[in-house]
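Residues: numbered from 1 along the sequence shown.
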Amino acid sequence: MEYRPLGRTGLNVSVVSFGAWAIGGTWGEVDDQESLAALHRALDRGVNFFDTADVYGDGRSERLLARLRRERPDERFIVATKAGRRLSPHVAAGYTEENLTAFVERSLRNLEVEALDLVQLHCPPTDVYYMPEVFDTLGQLVKYGKIRYYGVSVERVEEALKAIEYPGVQSVQIIYNIFRQRPADLFFAEAKRREVGVLARLPLSSGLLAGKMSPQTAFAADDHRSFNREGAAFDRGETFSGVDYALGLTIVEELRQLVPEGVSMAAWALRWILMEDAVTCVIPGAKRPAQVDDNMNAAYLPPLPLETMAKIREIYDRQLKPLVHQRW
């Protein structure tokens, strides 16, 4: 496993890490024993960074990670969580010292720790990035020993650029995958200049880039891929990167021709992301050990040939760039 620096924290994290949204139960039915088996398998494969949030299964994902720590007491690993999405309504005015402190205290209980490794604002409204008092509160929580470091999870490149103007921000979690390449055009150079960690979220575009879906694929009623395609529950870009499902399937078939024989499309798509040295890690989800293994294989693939990289970019420019640049 390769490890890369996480901002200016002094921490080094596995380039393929573990996104714990799915095991919270927002991607259809999950079984906690199977989820724990996946978490254990991740540790076995060299993962040392797990990304969760207080709203993933209303704390279920955080509590599973606490159980993992109890079951693997000799393993040292980093858990990043998020705060803010518990607000209802989810508005900028809710990002107060009182609310953020309460969210942090709840995550401390769920994760059974005295200090949170990394707390990220959870895709807050854009106005929050222009409220320095919010970032002052995070700084105070560091001072009080409640959190060690803080960062942000964003929807848009412009939000990421604004966030890293705050000197305490150590990391930015942003959607970056073959379907969403704009961060490389506008954000990564500045993140590198400021030594900010970049966590590539939704790296497989809600599973679409794993290459296993078809027009006949059915999703459970409680799976966001069923109910949030148009942003009915939260930002549209969270589901399939905001790309129309049918168009996404068409592009996947074009990309499939570039995948070497014997390599899974999921591992190949993750390896494409890791070609960008500004990226600290990818955080694909997994509900089963076999999915963990497939994700981990990306860390051991050779670099993609330059001609393959060029062809991927050509497909993106032709099929997607005008669409995703309209909003993200």
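- Side-chain contact check for Leu301 versus Trp272: every heavy-atom pair is 4.5 Å or farther apart.
- How far CD of Glu159 is from CG of Asp127: 10.0 Å, rounded to the nearest 0.5 Å.
- Between Ile283 and Gln173 the shortest side-chain heavy-atom distance falls below 4.5 Å.
- The side-chain heavy atoms of Arg85 and Phe103, taken from C-beta on, include no pair separated by under 4.5 Å.
- You'll find the side chain of Gln319 reaches within 4.5 Å of the side chain of Glu254, heavy atoms only.
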Review point. Would Tyr149 and Leu116 satisfy side-chain contact (heavy atoms from CB on, under 4.5 Å), going step by step from the backbone distance to the final call?
Key: CA-CA 8 Å; Tyr149 305 105; Leu116 301 173; over 6 Å; no

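- Taken together through direct or relayed side-chain contacts under 4.5 Å among Ile, Leu, Val, Met, Phe, Trp and Tyr, Met265 and Val263 form part of one hydrophobic cluster.
- In this structure, Phe135 and Tyr150 have tilted ring planes: the angle between them lies in the 30° to 60° band.
- Salt bridge status for Arg313 with Asp185: present, with a side-chain N to carboxylate O gap under 4.0 Å.
- Under a 4.0 Å N-O distance rule, the pair Lys82/Asp51 qualifies as a salt bridge.
- With sequence neighbours excluded, the residues forming a side chain to side chain contact (heavy atoms under 4.5 Å, CB included) with Ala163 are Tyr129, Val152, listed by chain and number.
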Review point. Could you go step by step and tell me if Leu6 and Gln170 meet the side-chain contact (heavy atoms from CB on, under 4.5 Å) rule?
Key: CA-CA 7 Å; Leu6 178 63; Gln170 294 281 358; 5.9 Å; no

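- Using cut-offs of 30° and 60° for the angle between ring planes, the His122 and Tyr56 rings count as perpendicular.
- Listed for the Thr9 side chain is a donor-acceptor partner under 3.5 Å among the backbone atoms of Leu11.
- Connection of Leu141 to Tyr95 is established within a shared hydrophobic cluster, with ILVMFWY side chains joined at heavy-atom distances below 4.5 Å, either directly or through further cluster members.
- The main-chain N or O of Ala246 is found under 3.5 Å from a side-chain atom of Thr250 such that the two form a donor-acceptor pair.
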Exercise for review: Show your working on salt bridge (charged side-chain N to carboxylate O under 4.0 Å, His left out) between Asp32 and Arg67 and close with a plain yes or no.
Suggested key: CA-CA 11 Å; Asp32 284 353; Arg67 184 172 167 184; 5.9 Å; no

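- Ion pairing of Arg4 with Asp277 is absent here, as no side-chain N (NZ or NE/NH1/NH2) approaches a carboxylate O to less than 4.0 Å.
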Exercise for review: Verify salt bridge (charged side-chain N to carboxylate O under 4.0 Å, His left out) between Arg106 and Asp58, making sure each step is shown before the conclusion.
Suggested key: CA-CA 11 Å; Arg106 185 177 186 273; Asp58 195 25; 3.1 Å; yes

Practice item. Please report the C-alpha distance between Arg109 and Asp54 in whole Å, then the side-chain angles of each, then the deciding distance to 0.1 Å, and finally whether the salt bridge (charged side-chain N to carboxylate O under 4.0 Å, His left out) criterion is met. Key: CA-CA 11 Å; Arg109 293 192 296 272; Asp54 57 0; over 6 Å; no

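- Although no hydrogens or angles enter the test, the distance criterion places a donor-acceptor pair under 3.5 Å between the side chain of Asn297 and the main chain of Asp293.
- A continuous path of Ile, Leu, Val, Met, Phe, Trp and Tyr side chains, each step under 4.5 Å between heavy atoms, connects Leu65 with Val16, placing both in one hydrophobic cluster.
- Under the 4.5 Å side-chain criterion, counting only non-hydrogen atoms from C-beta, Val142 is not in contact with Arg148.
- Residues forming a ring pair (Phe, Tyr, Trp, His ring centres under 6.0 Å) with Trp268 (at least two apart in sequence, or on another chain): none.
- For the pair Phe18 and Leu39, the minimum side-chain heavy-atom distance is below 4.5 Å.
- The distance from atom CD of Glu71 to atom NE2 of His40, rounded to the nearest 0.5 Å, is 4.0 Å.
- Within the 4.5 Å cutoff, the side chain of Cys281 has heavy atoms near those of the Leu199 side chain.
- Under a 3.5 Å cut-off, the side chain of Arg8 and the backbone N or O of Val169 do form a donor-acceptor pair.
- Using a distance-only test at 3.5 Å, with no hydrogens or angles considered, no donor-acceptor pair links the side chain of Asp117 to the main chain of Ile78.
- Interatomic distance, CD1 of Ile175 versus CZ of Arg156, reported as 9.5 Å (0.5 Å rounding).
- Not one N or O on the side chain of Asn295 forms a donor-acceptor pair closer than 3.5 Å with the backbone of Ala266.
- With respect to the salt-bridge test (charged N to carboxylate O, under 4.0 angstrom), the residues Glu276 and Lys192 do not qualify.
- With hydrogens and angles ignored, the 3.5 Å screen pairs a side-chain donor or acceptor of Ser264 with a backbone N or O of Ala267.
- Judged purely by atom type and a 3.5 angstrom limit, Arg201 has no side-chain atom pairing as donor or acceptor with the backbone of Tyr176.
- Across every non-hydrogen atom of Pro302 and Arg271, the tightest pair is O-NE, 3.6 Å.
- Remark: Leu258 CG to Ile315 CD1 distance equals 5.0 Å, nearest 0.5 Å.
- Side chain of Thr280 to backbone of Val198: a donor-acceptor contact under 3.5 angstrom is found.
- The minimum heavy-atom distance linking Leu202 with Asn177 is given by the pair O-ND2, 2.8 Å.
- Within the cation-pi definition used here (under 6.0 Å to the ring centroid, within 45° of the axis), Arg69 qualifies as a partner of Phe77.
- Shortest non-hydrogen contact noted between Leu161 and Glu165 is O-CG, 3.7 Å.
- Here Glu2 contributes atom CD and Asn12 contributes atom CG; the two are 10.5 Å apart, rounded to the nearest 0.5 Å.
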Practice item. Report the C-alpha distance between Glu190 and Arg193 in whole Å, list the side-chain angles of each, state the deciding distance to 0.1 Å, and finish with yes or no for salt bridge (charged side-chain N to carboxylate O under 4.0 Å, His left out). Key: CA-CA 5 Å; Glu190 188 64 13; Arg193 188 180 75 81; 2.8 Å; yes

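- There is no side-chain donor-acceptor pair under 3.5 Å between Gln120 and Ser171.
- Judged purely by atom type and a 3.5 angstrom limit, Thr137 uses its side chain to pair as donor or acceptor with the backbone of Glu133.
- For the pair Glu314 and Arg318, the salt-bridge criterion is met [side-chain N within less than 4.0 Å of a carboxylate O].
- Both Leu121 and Ile174 are part of a single hydrophobic cluster, where members link through side-chain heavy atoms under 4.5 Å apart.
- Using a 4.5 Å cut-off on side-chain heavy atoms (C-beta onward), Leu247 and Ile251 make contact.
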